[in-house]
Amino acid sequence: MTDSLLERAPAHALLADGTTVCIRPATAGDHDRLKGFYDDMSSENLRLRFFSVSRRSAAMAADRACAPARPGYRALLAEARGRILGLAEYESGDDKGSAEISIAVADGLHHRGVGTLLVEHLVSAARADGITTFTADALSENREVLRLFSDLGLRTSRRFEGPETRCTIRLDQDDAYLAAVEARGRAADVASLRPLLCPEAVAVVGAGRKPGSVGRAILRHIRTGGYTRRLLAVNPGMTSVLGVPCYPSVSALPVTPDLVVVAVPAAAVAACAEECGTADVRALLVVTSGLGPDQAQALRAACRTHGMRLVGPNCLGISNTEARLSLDATFAAGHPRPGAAGVAVQSGGIGIALLDGLSRLGIGVSSFVSLGDKYDVSGNDMLQWWETDGRTDLALLHLESFGNPRAFSRTARRVARRMPVLTVDAGRSAAGRRAAASHTAAAATPTMTRRALFTQAGITATRSVGELLEAAALLHSQTLPEGNRVAVVTNAGGAGVLAADACAEAGLVLPPFTPAMTDALLAVLPGGAVIGNPVDATAVVTEEQLTDCVDALVADPGVDAVLVALVPTALATATGDDLVRALTGAPGRRPKPVLAVRLEQDLPVKLLPAADPGGTIPSYAEPQAAARALAHAAGRAAWLARPAGTVPALDDIETERAHALADAHLAAHPDGGWLDPRTCADLLACYGIPQIPWAWAETEDDAVRAAERLRGADGRVVMKAHWPGLVHKSEERAVHLDLRGEPQVRAAFRDLETRFGGLMTGVVVQSLARRGTELFAGVVQDEVFGPLVLFGLGGTATEVLADQAARLAPLTDHDVHDLITSPRCAPLLFGARGNGPVDLEALEQLLLRLSRMAADLPQLAEADFNPVLAAPGSVTVLDARIRLLPRGPQDPYLRRLR
């Protein structure tokens, strides 16, 4: 039986109504409580579960669930505050791929998702144990359990056998099942966040007399922010704080608050949380910082035991600007302006900057959460809240860590289809990079991994808070461009040149105009205007002329966006023309983005009110900022225009044999390590990954015989030394190339044996490869992000040139295309310099099969294929190394709290 997550620790998860339960294996110590669980069941519930009203059957069920662990059997409990809410179990018979499942839920707890949550966790455990099918017998009148099975999202078939129904459930984890799990998780998550973000009553613990205390500042902020529900304070010895009624303890409050703000010293936080939990508080906001490990653990335990959602600790607070609520439980300098942007940050300082920037721009904030140390509520939670709140149309994130990146990616990918999701890609410096021994691990920097996550999920990643606000201004105010073709217009030639340079540097294109468009622009602009791209309308251009020019460019099918760079002139002042009004005065919203650059502007970005009701035009102080924002908008448009990718089905995959090879290696090497060449080749063969013909030789004579078999038409072979742990063969000078004839083969073997005699366990003899493009493909299994597939230029210069792209596995067809086209070496693959294109289909298959191997084998710590030789007729791995570690499977999509 696999050592799964469920065997190591309980998992906390949310029911449909947002309450927290603990899912864990049943143990011998649960026997009496399980028997009581069945004893408390109604006769009808017992009959539906056991097909008869038999207390004997209930006692036997408790005995079975609490018996010592045995192969082929699992029993999972759902409990809350010491009460067992439900039990789900499975047992396999002679067919190890199939198991019988049963479910029991306590009276009064049906329709809250207890049974469904238990089955989801049981499905995950079964998959880890190699079970592919569940079967279940139910009375045909037991509509609730039959509906549970049919609504799981798994392929289910039924067979009626008299009064009973036989259900067969396939445990394939496909998109339909993941979507169903996500939908249930989203509903539960949103329900659990309502007490936090829409509380009917709030209490602040730690609001004292001292004017500079954080608790007092938050209490004042809630009051002055116009909170419309009940507000209370907790502080022994005080009856009122800032006019708010004050009580000595949470238990002494006249009503139970939904949300308690905890602003007490670190040593008192855990006790306060326990008191809140005992009083049935549903959510905590802990602003206190400096918790030690034991204090942190006690806080987490109190929240999980009592089912409280937690924001923080060490955070700025939360806000919800909904008019009917107006909750601002922060200690920021001012109140955020109500609006459309949802904001979640880990850094309080970043949060303040974003709140100020969004308020200044007029975009405003729908809800704001400072996640702090992120013990519980995360960016994933907030994305799901914004997805359903009906007020948010722009999501802004600043995340320094990811608890479950793959679940976050699926959520972000879904939300990004509905609204822009923007983030600051922080921590890009070399100080944040991991050192590693091999090419693959060294190439996989945290920056590359995060960017792969952002790219695949459709998240707009910026490099600073300023750039984030610049992009948000454009995405909030303008339609998306259909492409990256930009027309630049200016009333000063120099400003146009700067704007053109900025666009080119941002990856945008300034296309030449057609003769018809050139004539149209000449007809509306003053004499002396230069009709290129950029268009120099000259300093004498009038408001009307500039308006006609912009409108003509917007109507041009060869232009996707118009950037207007303006400088103030005395001529415009003298004539009373307002050139900015040429952009903002349009009677309706233009169908393409129009943005301004005003070099004299005092702020980096502004939103200028437009004649269109509610409309605005973004204006930037620097052309670089405008071009970056427009490039982000074009990138989002391209992502939205492309259908969601699919993971292609692959033929000739031997997953069971691959697992057996990995298990055998780890049984012989419990600490893991690099595979020997023969095991490595066997593993690649399980996934149909092509290798150049080779042979293993441990003696000089063996090497000669191998060379005789492998030499090609030109009679040349390659010899590589091997010993456990050898990583860089070239650097160790452990390779001999271009060996001709027996004497050279013998001399090469003797040389390697002499220099590495104490280490070398044998040599690999290969045919000398034909000419082609040397590439690199690899995988790193990141403990947080999961498997990351890398691809780029190969050979000995891989690390020096660092020409790689990366995507998180499993790869879709779109991901593979992006991997192949993203590196700088991509033109070589498509026939640059007169050479024919390499076998692109074979290259795609190689990457897909590498991705599948990484997804199948959690033990695969890293794989390094370097070089991979790509030629017009073939793609072949010339050198492959794989390292395994003793890791068990984990289900990243299993519903559980952090």
Side-chain angles (χ1 to χ4, degrees), residues 336-337 339-345 347 349-365 393-399 416 419-426 428 451 454 458-481 484 486 488 490 495 498-508 560-566 580 583-584 592-610 615-639:
R337 177 173 178 164
V343 181
V345 298
S347 163
I350 299 296
I352 290 172
L354 288 176
L355 289 175
D356 289 347
L358 291 167
S359 295
R360 175 177 50 77
L361 284 168
I363 297 173
V365 174
D393 60 23
L394 192 67
L396 275 61
L397 301 171
H398 174 265
L399 303 177
M419 69 180 74
V421 179
L422 298 90
T423 190
V424 178
D425 183 15
R428 302 182 305 274
R451 286 178 181 169
F454 297 152
I459 296 173
T460 300
T462 65
R463 297 172 65 87
S464 67
V465 172
E467 186 179 339
L468 184 72
L469 291 170
E470 294 160 4
L474 178 58
L475 291 170
H476 174 74
S477 64
Q478 299 292 293
T479 55
L480 290 175
N484 65 349
V486 183
V488 173
T490 183
L498 292 176
D501 287 344
C503 288
E505 290 163 358
L508 303 171
D560 299 311
V562 180
L563 188 156
V564 183
L566 298 174
V580 173
L583 311 183
T584 62
K592 295 177 183 177
V594 174
L595 55 161
V597 172
R598 297 187 298 162
L599 299 179
E600 83 287 358
Q601 185 170 291
D602 57 341
L603 293 172
V605 58
K606 291 181 177 181
L607 284 177
L608 307 176
T616 53
I617 299 290
S619 176
Y620 300 88
E622 291 286 344
Q624 290 85 354
R628 284 194 301 263
L630 194 51
H632 286 308
R636 171 166 172 75
W639 184 83

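Since this is a predicted model, take the numbers as computed values, not measurements. Side-chain atoms are counted along with the backbone in the values below, which use heavy atoms only and exclude waters and symmetry mates. Numbers for residues simply follow the sequence, beginning at 1.
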For this session: For the residue pair L599 and P623, establish whether any side-chain heavy-atom pair is separated by less than 4.5 Å.
Result: yes

Exercise. Among L396, I459, T460, which residue meets the side-chain contact (heavy atoms from CB on, under 4.5 Å) test with V421?
Worked result: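 Single pass found, and it is I459.
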
Problem set entry | Positive for side-chain contact (heavy atoms from CB on, under 4.5 Å) with I352, one of D356, L354, I350, L355 | D356

Nearest 0.5 Å, please: how far is [atom2] in [Y] from [atom1] in [X]?
X: L566; Y: Q601; atom1: CG; atom2: CD; answer: 10.5 Å
X: T490; Y: L563; atom1: OG1; atom2: CG; answer: 9.5 Å
X: H398; Y: L422; atom1: NE2; atom2: CG; answer: 13.5 Å
X: L498; Y: Q624; atom1: CG; atom2: CD; answer: 7.0 Å
X: L595; Y: L607; atom1: CG; atom2: CG; answer: 11.0 Å
X: T479; Y: K592; atom1: OG1; atom2: NZ; answer: 9.5 Å

On a heavy-atom basis, which atom in [X] and which in [Y] lie closest, and how many Å separate them?
X: L508; Y: A627; result: CD1-O, 3.7 Å
X: V580; Y: R598; result: CG2-CD, 3.8 Å
X: H632; Y: A471; result: CD2-CB, 4.0 Å
X: R360; Y: V605; result: NH1-O, 3.0 Å
X: I363; Y: L394; result: CG2-CD2, 4.3 Å
X: A633; Y: L480; result: O-CD2, 3.7 Å

Keeping [X] on the side-chain end and [Y] on the backbone end, is there a donor-acceptor pair under 3.5 Å?
X: T462; Y: T423; value: yes
X: S359; Y: R337; value: yes
X: Q478; Y: V594; value: yes

For this session: List for me each residue that meets salt bridge (charged side-chain N to carboxylate O under 4.0 Å, His left out) alongside K606, sequence neighbours excluded, and say none if there are none.
Result: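 For K606 the salt bridge (charged side-chain N to carboxylate O under 4.0 Å, His left out) partners, ignoring immediate neighbours, are D602.
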
